Amino acid sequence: MKRQAYQPILITDASRSQDDQLTSRQKRYVLMMGIRVACLVVGAVLVGVKAPLLWLWLPLLGLGMVLIPWLAVLLANDRPPKEEHRLANKLHPRHRDETPPMSLTAEERPHKIIDVEP
């Protein structure tokens, strides 16, 4: 009788928890909004010191101050793609055996021993 191979469940196959996803999205949002504040401060400093090429820097910083909040909100509300929609799974599909882990044949399963006294 052929015994089925043991198939461990890998922790790397598990998706990230909701709390981990939320925490990473919050950190990304705060980082992007910090970059926006830095754009505002740098723009104010450049105007104050009358820097050369001010006509180039101010529109770039203004564009950053307008686009970064929009991108931050989009990325903060975004969740990772589901497994069946991930590009990595479409390029390199995993072939899994559908048998449950550590499945035993009928002969290998433990049997209850009933002790009957007369």
Side-chain angles (χ1 to χ4, degrees):
M1 190 168 294
K2 184 178 177 184
R3 182 177 178 161
Q4 294 174 348
Y6 171 72
Q7 298 174 353
I9 298 174
L10 300 176
I11 192 67
T12 56
D13 290 340
S15 61
R16 293 177 54 199
S17 70
Q18 295 287 336
D19 291 335
D20 287 343
Q21 291 177 19
L22 178 64
T23 302
S24 68
R25 291 193 322 254
Q26 286 173 339
K27 287 178 184 177
R28 188 182 321 136
Y29 180 81
V30 168
L31 176 69
M32 291 180 82
M33 295 311 279
I35 293 171
R36 179 186 185 210
V37 169
C39 286
L40 179 66
V41 170
V42 168
V45 169
L46 288 176
V47 168
V49 297
K50 295 184 174 114
L53 298 176
L54 193 60
W55 59 270
L56 176 66
W57 291 112
L58 285 182
L60 288 176
L61 292 171
L63 188 65
M65 286 187 287
V66 170
L67 288 181
I68 288 176
W70 176 69
L71 288 172
V73 170
L74 283 179
L75 293 175
N77 289 326
D78 191 24
R79 292 193 178 185
K82 294 183 179 179
E83 279 300 314
E84 64 265 15
H85 298 296
R86 292 190 64 178
L87 182 60
N89 290 339
K90 291 185 181 196
L91 294 177
H92 305 289
R94 291 184 182 171
H95 299 289
R96 290 190 184 186
D97 193 8
E98 297 301 322
T99 59
M102 294 201 50
S103 59
L104 301 174
T105 62
E107 292 81 24
E108 293 175 330
R109 289 191 188 118
H111 300 285
K112 288 185 181 179
I113 299 175
I114 301 174
D115 190 23
V116 180
E117 293 184 29

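Basis for what follows: all heavy atoms, side chains included, without hydrogens, waters or symmetry-related copies. Model, not experiment: these values are computed from the prediction.
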Side chain to side chain donor-acceptor pair (under 3.5 Å) against Asn77, all qualifying residues, sequence neighbours excluded: none
Under the side chain to side chain donor-acceptor pair (under 3.5 Å) test, residues paired with Ser24 that sit two or more places apart: Arg16
Residues clustered with Val73, ILVMFWY side-chain links under 4.5 angstrom: Tyr29, Met33
Connected hydrophobic set around Val47, excluding itself, where side chains approach under 4.5 Å: Val42, Leu46, Leu53, Leu54, Trp55, Leu56, Trp57, Leu58, Leu60, Leu61
With sequence neighbours left out, what residues match [X] under side chain to side chain contact (heavy atoms under 4.5 Å, CB included)?
X	result
Ala44	none
Leu63	Leu67
Met65	Arg36, Cys39, Leu40
Val37	Val41

Value rounded to 0.5 Å, distance of CG in Leu31 from CG in Leu75: 11.0 Å
Atom pair CZ (Arg28) and CE (Met32), whose distance is rounded to the nearest 0.5 Å: 8.5 Å
Transitive ILVMFWY side-chain link Val66 to Trp70, under 4.5 Å: no
Where Pro69 and Gly64 come nearest, the two heavy atoms and their spacing: CD-O, 4.1 Å
